[in-house]
Amino acid sequence: MSDITPTPASAAPLRLGLPPWGKAIVGLLMIVAVAVVWVMDDWLSESFTVDTRNRAQLRLVLYAGNIEAELQRTQVVPILLSRDPVLREALRSGNYTTISQIFISLQQEVGAASIELLDTAGRVVAATDRNRLGTQRGNEALFVDSRRLVDASGNNETLFAVQARDSGGYGFAYARAIREGGQILGVITVEVDLAKFERSWSGLLDAVALIDSEGRIILSTQPRWRGRTEAEALSMRDAPTAIERALRYTADLAGRGPDAFLSNEAVLRSETRVQHRGWRLISYTTYDGVREKVNGVLALVIMGFAILLAMVFYLFSRRAWSQSARLEQESLELRQLNLRLQREIAAREKVQKELNVAEQTLAQSSKLAVLGEMSAAVSHELNQPLAAMKTYLAGARLLMTRRRGEEALVSFQRIDDLIDRMGAITRQLKSFARKGGDAFEPLDLRDCVTEALTMMEPRLRERRVLVVRTLPKEPVTVMGDRLRLEQVIINLMRNAVDATRAVNAPQIDLILTQGDTVTLTIKDNGTGIADIGKVFEPFYTSKKAGEGVGLGLAISSGIVADHGGRLTARNLPEGGAAFDIALPVLANAGQSAA
């Protein structure tokens, strides 16, 4: 074979700069970058704003919970002290020497702002703040109202009051009268330290305020708001520092903030209820940090696009070098490919020679296989007539000994018919390869069933098998070869007889029906089929060695298929097996075979 050496294609001329499609990619990349930054800016601003709002609401709920817990914990203290026998004895005897020290110890445990004991005249006789001893509080509303506050059953109730302080702000205190019988011995007051929450809020950028049921601000991070309503606080000229920062910041967020402030809702207003006398806790949260977060993410996105653009320029700058290196590599690969092609061509020529030898061997093997199959088929098909002839000869011999010559002649006639049948089978086996339809003619399938039963009669009588025939009264006409269809029926009945060998009352049912197709069903009450998927495979048999070669069902299936029908097998739920022969109906009985 001649050596064919492919030549590489001429290399494309190197170009400096970006090609037109490269410029299009760069332009598209820049457009995508601008669009992504624009969309992400809007989406991130909204997302971080919602996050800031949720965090503000969560903080407000936490603050309200702290206030409620503090009030509930302190509310129990005056109830317990009013029942303390030590205080009652001190009020009766007028000896208050150790009471103040008891109050000081208790204050550290409960965290109250102050605890005071007043006698019936309203004079402070014991207190955590010793400087207030002797102070007269008889005219204060807390003392007067606590003496009058009695529930329906005559027991004292605890009074809660919010009192304005001279130094500014408000104080929160519980008061409860100490009674013995119907006599008032004194009044115990416990001040709640809510100012500590106000001090903790002052470290935040949010403006927080606690509003009572009358709409008055009683606690606030902005001292000027105390004692005012929310509307009055927001209308003050000198806005709180937190509000100023929030307004300046939200004005930068695409115009979202100023509208909220001008509608007297400030920058971001959050509100929650405090479970105490209808109080409300509100906050005005700044958007501090939103823009920084958005800009940080956008900076990363822009950096990513910048790196991607730089990589594009780098790839195009290496384009000329890569073209030269690619062409050199292609030339080397083509030379190597040429050598591989030469080796492959030589190998294929060798394989072609070996293939020719293999084909000749395969053809010879196929011939031997066909001869083996033909011999097995002849053995299988001739076995049935020979068995029947043996039975008829035995019967004729018995009849001759009994001097019943006429009946013996009938057996001899049947033996003659079987010899003719064996000759027909031999002729059919010679024409198996052609699969022609020369012997097809219209026939009544009922006659085929009757003739098959006649052939099987000796064996059925020998095995004492009950045969139940269900045949229609009208002719069931099909187009086919009578001898081959009888051969199929005999094969199936023979298998049915073998399957009922171990049954006490063997029975075979032959049911012939006609509808869209002609169906002949052969059922038995035997042991069934173990591996129904392989039943039509050649040389598959469940019989013992020497009883069958496994070709009967395979040949029968082929015969039915030659007639345009189908042979199927199934196991019956009540036991046994059934074979169905489905053949096309011959609509016109007088129609000749095509």
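This is a predicted model, so every value here is computed, not measured. What you see below is based on every heavy atom in this structure, not just the backbone, and it leaves out hydrogens, waters and symmetry mates.
With Val192 as the partner, the side-chain contact (heavy atoms from CB on, under 4.5 Å) test is satisfied by one option alone out of Val162, Val77, Ile67, Leu71: Leu71.
Partners of Tyr63 by ring pair (Phe, Tyr, Trp, His ring centres under 6.0 Å), not counting sequence neighbours, listed by chain and number: Trp201. For Phe579, there are no ring pair (Phe, Tyr, Trp, His ring centres under 6.0 Å) partners two or more places apart in sequence or in a different chain. For Glu191, the salt bridge (charged side-chain N to carboxylate O under 4.0 Å, His left out) partners at least two apart in sequence or on another chain are Arg165.
Separating the CD1 atom in Ile79 from the CG atom in Asp84 is a distance of 14.0 Å, to the nearest 0.5 Å. With rounding to the nearest 0.5 Å, the separation of CD1 in Ile217 from CG in Asp212 is 9.5 Å. Remark: Arg137 CZ to Asp119 CG distance equals 12.0 Å, nearest 0.5 Å. Here the OG1-CD distance, from Thr189 to Gln163, works out to 9.0 Å after rounding to the nearest 0.5 Å. Interatomic distance, NE2 of His276 versus CG of Leu281, reported as 13.5 Å (0.5 Å rounding). Separation of atoms CZ (Phe160) and OG1 (Thr74) is listed at 9.0 Å; rounding is to 0.5 Å.
Under the 4.5 Å side-chain criterion, counting only non-hydrogen atoms from C-beta, Leu91 is not in contact with Glu180. The shortest distance between side-chain heavy atoms of Tyr96 and Leu133 does not fall below 4.5 Å. Counting only heavy atoms from C-beta outward, the side chains of Leu185 and Leu87 never approach each other to under 4.5 Å. At least one side-chain heavy atom of Leu142 sits less than 4.5 Å from a side-chain heavy atom of Leu159. Side-chain contact between Leu210 and Ile282 is absent, with no heavy-atom pair separated by less than 4.5 Å. Side chains of Ile307 and Met303 form a contact here, defined as non-hydrogen atoms less than 4.5 Å apart. Under the 4.5 Å side-chain criterion, counting only non-hydrogen atoms from C-beta, Gln183 is not in contact with Arg179. With contacts defined as side-chain heavy-atom distances shorter than 4.5 Å, the pair Arg280/Thr272 does not qualify.
Residues Ser93 and Asn95 have side chains that never bring a donor and an acceptor to within less than 3.5 angstrom of each other. Under 3.5 Å, the side chains of Glu68 and Gln72 contain no donor-acceptor pair of N or O atoms.
Nearest approach of Val124 to Glu116, heavy atoms of both residues: CG2-OE1, 3.9 Å. Heavy-atom minimum distance, Ala577 versus Asn571: CB-OD1, 4.0 Å. Closest non-hydrogen pair, Ala177 versus Ser82, comes out as O-CB, 4.3 Å. Contact detail for Ile178 and Ile188: the closest heavy-atom pair is CD1-CB, 4.3 Å. Here the closest non-hydrogen pair linking Gly138 and Phe143 is O-CD2, 3.4 Å. Minimum heavy-atom separation, Arg130 to Ser100: NH1-CB, 3.7 Å.
More than 12 heavy atoms of other residues, nucleotides or ligands lie within 6.0 Å of CZ in Arg88, so this atom counts as buried by the packing criterion. Heavy-atom neighbours of Arg92 CZ from other residues, nucleotides or ligands within 6.0 Å: above the threshold of 12. Within a 6.0 Å radius of CZ in Arg73, other residues, nucleotides and ligands contribute more than 12 heavy atoms. Atom CD of Glu89 has more than 12 heavy atoms from other residues, nucleotides or ligands within 6.0 Å.
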Exercise. Decide yes or no on side-chain contact (heavy atoms from CB on, under 4.5 Å) for Leu60 and Ser270, but give the supporting numbers first.
Key: CA-CA 8 Å; Leu60 208 60; Ser270 300; 3.8 Å; yes
Practice problem: Test Val125 against Leu118 for side-chain contact (heavy atoms from CB on, under 4.5 Å), laying out the working first. | Solution: CA-CA 6 Å; Val125 295; Leu118 284 68; over 6 Å; no
Exercise. Begin with the C-alpha distance, continue with both residues' side-chain angles, and end with the deciding distance and a verdict on side-chain contact (heavy atoms from CB on, under 4.5 Å) for Leu341 and Leu337.
Key: CA-CA 6 Å; Leu341 287 175; Leu337 179 60; 4.2 Å; yes
Self-check item: ring pair (Phe, Tyr, Trp, His ring centres under 6.0 Å) assessment of Trp225 paired with Tyr284
Solution: CA-CA 13 Å; Trp225 286 13; Tyr284 300 94; 5.8 Å; yes
Quiz item: How far apart are the C-alpha atoms of Arg176 and Glu157, what are their side-chain angles, what is the distance that settles it, and do they pass the salt bridge (Lys or Arg N to Asp or Glu O under 4.0 Å) test?
Solution: CA-CA 6 Å; Arg176 186 181 180 92; Glu157 286 191 359; over 6 Å; no
Quiz item: After noting the C-alpha distance and the side-chain angles of Phe197 and Val208, does the key distance pass the side-chain contact (heavy atoms from CB on, under 4.5 Å) rule?
Solution: CA-CA 10 Å; Phe197 298 116; Val208 184; over 6 Å; no
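Taking the charged nitrogens against the carboxylate oxygens, Arg226 and Glu198 do have a contact shorter than 4.0 Å, which makes a salt bridge. Under the 4.0 Å criterion applied to side-chain N and carboxylate O atoms, Asp580 and Arg570 are assigned as salt-bridge partners.
In this structure, the side chain of Ser331 does not engage the main chain of Glu328 through any donor-acceptor pair within 3.5 Å. Put simply, the side chain of Glu232 gets close to the backbone of Thr229: a donor and an acceptor are under 3.5 Å apart.
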